Amino acid sequence: MKATVEAPVKAKGFNHLHINVRDLTRSIRFYAEAFGLIVGFSVGKDLIFMVPEANGHSLALHQVGPDEPVGMSGGFQHFGFKLDVNDHDRVLAQIEKAGGKLISRGKHGGKYPYTCVADPDGYVIEL
């Protein structure tokens, strides 16, 4: 008897990124001020989903206790934001004003500018 081979299930797109944070209010303020995200909805008092005003993918912020990991632990490297503005100096100033910090800047392949920053919990974000 021959086994039937089904076509693989295909993802229709990326839905959300879920990160642990130490202070939910601080993180909501940071992502609103640094990237213009707004609170889309919440699931209880410790988990909110932030979205761009134009909708799209969401960033889930999950407040956790002091014994749970936050930041760059366990194989996670970074996540990125795609921005309409290619003005890294202006974006960097906005991020620093919101409580983030510069990690590095450069050009991928010698021609594609990037800026890496950290949020208040230490997550690395590439622009």
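Just the heavy atoms: all of them, side chains too, but no hydrogens, waters or symmetry mates, feed the values below. Just so it is clear, the model here is predicted, and its values are computed rather than measured.
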Quiz prompt | ring-ring contact (aromatic ring centres under 6.0 Å, His included) partners for F41, two or more places apart | solution =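 Scan of F41 (ring-ring contact (aromatic ring centres under 6.0 Å, His included), adjacent residues dropped) gives F49.
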Evaluate the side-chain proximity of [Y] to [X]: yes if any heavy-atom separation is below 4.5 Å, no if none is.
X: D119; Y: F35; value: no
X: L47; Y: L24; value: no
X: L59; Y: Y31; value: yes
X: L61; Y: I19; value: yes

When rounded to the nearest 0.5 angstrom, what is the spacing between [atom1] in [X] and [atom2] in [Y]?
X: S58; Y: M50; atom1: OG; atom2: CE; answer: 10.5 Å
X: S27; Y: I48; atom1: OG; atom2: CD1; answer: 8.5 Å
X: D87; Y: Q94; atom1: CG; atom2: CD; answer: 10.0 Å

Quiz item: Taking a hydrophobic cluster as the set of Ile, Leu, Val, Met, Phe, Trp and Tyr residues connected by side-chain heavy atoms closer than 4.5 Å, whether directly or through intermediates, do L127 and M72 fall within one such cluster?
Solution: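 Per the 4.5 Å side-chain linkage, L127 and M72 are co-clustered.
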Quiz item: Who pairs with R26 by salt bridge (Lys or Arg N to Asp or Glu O under 4.0 Å), at least two apart in sequence or on another chain?
Solution: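 Scan of R26 (salt bridge (Lys or Arg N to Asp or Glu O under 4.0 Å), adjacent residues dropped) gives D121.
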Quiz item: Between the side chain of N20 and the main-chain N/O of P69, is any donor-acceptor distance below 3.5 Å?
Solution: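 Yes, N20 side chain to P69 backbone: donor-acceptor pair under 3.5 Å.
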Quiz item: Is the side chain of Q63 donor-acceptor paired with the backbone N or O of D23 at a distance under 3.5 Å, no angle test?
Solution: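 No.
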Quiz prompt | side-chain contact (heavy atoms from CB on, under 4.5 Å) assessment of V124 paired with V117 | solution = CA-CA 6 Å; V124 175; V117 298; over 6 Å; no
Pairs under 3.5 angstrom only: tabulate donor-acceptor contacts from the side chains of residues 97-110 to other protein residues two or more places apart or in another chain.
unit_1, atom_1, unit_2, atom_2, d
R105, NH1, D89, OD1, 2.8
R105, NH2, D89, OD1, 3.0
H108, NE2, E126, OE2, 2.7

Exercise. Check step by step if side-chain contact (heavy atoms from CB on, under 4.5 Å) holds for I28 and V39.
Key: CA-CA 8 Å; I28 291 169; V39 174; 4.0 Å; yes
Exercise. Name the orientation class of the two ring planes belonging to F79 and F81 (parallel below 30°, tilted from 30 to 60°, perpendicular beyond 60°).
Key: perpendicular
Quiz item: Under the side-chain contact (heavy atoms from CB on, under 4.5 Å) criterion, do I125 and H78 qualify, and how do the steps go?
Solution: CA-CA 6 Å; I125 305 163; H78 72 271; over 6 Å; no
Quiz item: Would H57 and H16 count as a ring-ring contact (aromatic ring centres under 6.0 Å, His included) if you check the C-alpha gap in whole Å, the side-chain angles of each, and the deciding distance to 0.1 Å?
Solution: CA-CA 5 Å; H57 311 305; H16 70 275; over 10 Å; no
Quiz prompt | Shortest non-hydrogen contact between Y123 and V70, atoms and distance | solution = OH-CA, 3.9 Å
Practice problem: Over all heavy atoms of both residues, which pair between L37 and P52 is shortest? Give the atoms and the distance, please. | Solution: CD2-N, 3.6 Å
